[in-house]
Amino acid sequence: MPVITMLSPKGGVGKTTTALILAAELASSGRSVVMIDADPNFPLARWAGKEGRPSNIEVIPEVDEDEIIGTIDEARKRADYVIVDLEGKASARATNALMMSNLALIPIQGSELDAVEAARAFKVVRNAGTARERALPFAAVLTRAPASKRLWPRDLKAVVANLKEAGIPMIPTALAERGAFRGLFSMGGTLAEMTSADVGSLESARENATAFADDVITLLKEGVQA
Ligand SMILES: Nc1ncnc2c1ncn2[C@@H]1O[C@H](COP(=O)(O)OP(=O)(O)O)[C@@H](O)[C@H]1O
Ligand SMILES: [Mg+2]
């Protein structure tokens with residue numbers, strides 16, 4: 001079933017966090033999800049080692065660039081969704097994962113520098129589409145944005161305007177900067193088991209996660225529109 005790959009040319013933009021938020025939402029609606037942790041630091045495998053992993057999320061660590069195609073192929077045959085989390089640099093592993101993907105998500109934090117880095121990721125995705133003679137749908141995801149759009153700084157708004165102008169599709173729901181999203185990795189499990197005693201604005205984080213995942217599902221169904 002659909003293979004979604006998280007891609008960006010640098011680390012720290014929110015790939016792994018976004019991957020887990022999406023996986024947890026899909027799992028909570030009853031879907032089976034295989035996450036392929038293709039980052040040599042294995043952040044998702046470590047998350048899976050903590051308590052609270054839903055039984056319909058499986059994490060497979062796979063960093064071998066030759067094996068990843070087989071691993072994705074095997075996973076997509078049995079899971080409703082496959083999510084591949086890459087490390088933040090170009091590699092044969094990343095190229096191979098893109099060959100196998102139905103959608104690439106490219107997280108961006110809202111600064112001009114991030115946007116320049118992201119432009120490289122868009123190029124990589126377009127090249128993958130050329131190589132496999134079938135365009136690879138992709139979309140940018142704004143991460144760590146101020147929760148209220150009114151509080152978005154000017155450079156974040158400029159990045160959004162530039163993406164629009166360049167015809168780059170964007171997931172409508174931005175992921176906000178939330179302690180609850182950071183807490184997924186320190187606490188393990190998902191937003192469902194967290195309590196308001198653990199983190200602030202939990203309900204807002206849950207709503208944000210659900211709206212984001214709904215956008216991704218819509219995009220998979222309806223295709224990407226710039
Ligand atoms: N939406 C978010 N809200 C709060 N913190 C976030 C969010 N997204 C990412 N982070 C934090 O930013 C850092 C980098 O995120 P991570 O998902 O590991 O990025 P990447 O996988 O691209 O390297 C981590 O400390 C993570 O907790
Ligand atoms: Mg990561």
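Read the numbers this way: they start at 1 and go in the same order the structure lists the ligands and their atoms.
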- Message: So if I apply the side-chain contact (heavy atoms from CB on, under 4.5 Å) rule between Thr18 and each of Ile106, Ile171, Ile83, Leu175, which one comes out positive?
- Response: Leu175
- Stepwise salt bridge (charged side-chain N to carboxylate O under 4.0 Å, His left out) check, Lys77 with Glu74: CA-CA 5 Å; Lys77 285 177 180 146; Glu74 185 272 329; over 6 Å; no
- Which protein residues have a heavy atom under 4.0 Å from ligand 1? Gly11, Gly12, Val13, Gly14, Lys15, Thr16, Thr17, Arg144, Ala176, Glu177, Arg178, Phe181, Arg182
- Which of these passes side-chain contact (heavy atoms from CB on, under 4.5 Å) with Phe42: Asp85, Val59, Asp37? Asp37
- Message: Donor-acceptor check, side chain of Gln109 to backbone of Gly12, threshold 3.5 angstrom: yes or no?
- Response: yes
- Message: Surrounding NZ of Lys123 (heavy atoms of other residues, nucleotides or ligands, distance under 6.0 Å), is the total greater than 12?
- Response: no
- When you check the side-chain N and O atoms of Thr195 and Asp198, is any donor under 3.5 Å from an acceptor? yes
- Message: Suppose the cut-off is 2.8 Å; which protein N/O/S atoms would you list for the Mg ion (ligand 2)?
- Response: Thr16 OG1
- Query: Looking only at heavy atoms, which two atoms of Tyr81 and Met1 are closest? And how far apart?
  - Reply: N-CB, 4.4 Å
- Presence of salt bridge, Arg93 and Glu62, under 4.0 angstrom: no
- Query: Where the side chain of Arg132 meets the backbone of Leu98, is there a donor-acceptor pair that is under 3.5 Å apart?
  - Reply: yes
